[in-house]
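Quick note: residue numbers are just sequence positions, from 1. Please read all numbers here as calculations on a predicted model, not as lab measurements.
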Amino acid sequence: MTPAPRRTGFVRRGAGDGLEGRWTSTPFDLGAMESSELGFLPDGRGWSLWASAGEGLSVTRFRWHCPAPGRLVLREEWLTCGDWAPGEEDWSFASVDSSGPADGMTATAYTLGPQPPPGGGERPLWAVRFEQAVEFSHFFAREEGPVRPDQDPSYRYFPGP
């Protein structure tokens, strides 16, 4: 028998909620001029990223937990805004216009499962669907590989814990 997840403040450790990892809205952004990404670290920290075709980039640091199955709560802590650096392999800031504390909360239901991208022709992707949009998107596909704090484009501007 597996012990119940331990909770420390706003952090839920050992959660079997399936959200831990990196997620991208790109496969679901057909015709959109913007894209979003999410990073959920196992320790309850994370970030959301919004990028526009006009080179705008914003990254919000948050704390997250799942108070019940299929329910997510995000508490914003820090917001960094600026322009993204074209030609980079991953998102990074070319310039930062502002960076400072943020105070907001999002509580939403979510479901996990296969979801075909719009336009047809592609196999369904493992995705999360949020009832309330997170960084302007309801659907995010799971990205391959581990999630690390240094994958957050605002990491060098706010490396904090």
(message) Please determine whether side chain to side chain contact (heavy atoms under 4.5 Å, CB included) holds for the pair Phe130 and Thr111, giving the CA-CA distance in whole Å, both sets of side-chain angles, and the decisive distance to 0.1 Å.
(response) CA-CA 7 Å; Phe130 296 109; Thr111 55; over 6 Å; no

(request) For side chain to side chain contact (heavy atoms under 4.5 Å, CB included), just list the numbers for Trp126 and Leu112, CA-CA rounded to whole Å, side-chain angles, deciding distance to a tenth of an Å, and then say yes or no. (result) CA-CA 7 Å; Trp126 190 255; Leu112 294 165; 3.9 Å; yes

(request) Let me see the working for Leu57 and Cys81 under side chain to side chain contact (heavy atoms under 4.5 Å, CB included), right down to the final yes or no. (result) CA-CA 6 Å; Leu57 178 64; Cys81 298; over 6 Å; no

(message) Walk me through whether Thr108 and Leu74 qualify under side chain to side chain contact (heavy atoms under 4.5 Å, CB included).
(response) CA-CA 9 Å; Thr108 184; Leu74 302 173; over 6 Å; no

(message) Before you tell me yes or no, could you show the steps for Arg61 and Glu76 under salt bridge (Lys or Arg N to Asp or Glu O under 4.0 Å), namely the whole-Å CA-CA distance, both residues' side-chain angles and the distance that decides it to 0.1 Å?
(response) CA-CA 6 Å; Arg61 290 275 185 92; Glu76 298 173 1; over 6 Å; no

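Hydrophobic clustering (ILVMFWY, side-chain heavy atoms < 4.5 Å, transitive): Phe139 and Val128 are in distinct clusters.
By the 4.5 Å heavy-atom criterion applied to side chains, Trp78 and Val59 are not counted as neighbours. Residues Arg142 and Arg22 fail the side-chain proximity criterion, which asks for heavy atoms closer than 4.5 Å. Contact of the Cys66 side chain with the Tyr110 side chain is registered, since non-hydrogen atoms from C-beta on lie closer than 4.5 Å. Looking only at side-chain heavy atoms (C-beta outward), Tyr155 and Pro149 come within less than 4.5 Å of each other.
Of all heavy-atom pairs spanning Ser99 and Thr80, the tightest one is OG-OG1, 2.9 Å. In terms of heavy-atom proximity, Gly39 sits nearest to Val147 at CA-CG2, 4.4 Å. In terms of heavy-atom proximity, Leu125 sits nearest to Ala141 at CD1-CB, 3.9 Å. Residues Met105 and Val73 share a closest heavy-atom pair of SD-CG1, 3.8 Å. A pairwise comparison of heavy atoms in Pro153 and Trp47 identifies CD-NE1, 4.2 Å as the closest pair. Closest of all the heavy-atom pairs between Gln115 and Phe28 is CG-CE2, 3.6 Å.
Of the possible polar contacts, none joining the His138 side chain to the Arg129 backbone as a donor-acceptor pair under 3.5 Å is found. A donor-acceptor contact shorter than 3.5 Å links the side chain of Trp64 to the backbone of Leu41.
Counting heavy atoms of neighbouring residues, nucleotides and ligands inside a 6.0 Å radius, atom CG of Asp103 does not exceed 12 of them.
For the atom pair His65 NE2 and Leu19 CG, the distance stands at 12.5 Å (nearest 0.5 Å). Residue Thr60 holds its OG1 atom at 9.0 Å from CG of Leu49, rounded to the nearest 0.5 Å.
Ring orientation note: the planes of Phe62 and Phe40 are tilted relative to one another, at an angle of 30° to 60°. Between Trp91 and Trp84, the angle of the ring planes goes over 60°, which puts this pair in the perpendicular group of the 30/60° scheme.
Side chain to side chain, Ser36 and Ser137 fail the donor-acceptor criterion of an N or O pair below 3.5 Å. In summary, the side chains of Trp23 and Glu143 do not present any donor paired with an acceptor at a separation below 3.5 Å, with no hydrogens or angles considered. A side-chain donor-acceptor contact under 3.5 Å links Thr26 and Thr24. Residues Ser48 and Glu135 bring a donor and an acceptor atom of their side chains to less than 3.5 Å of each other.
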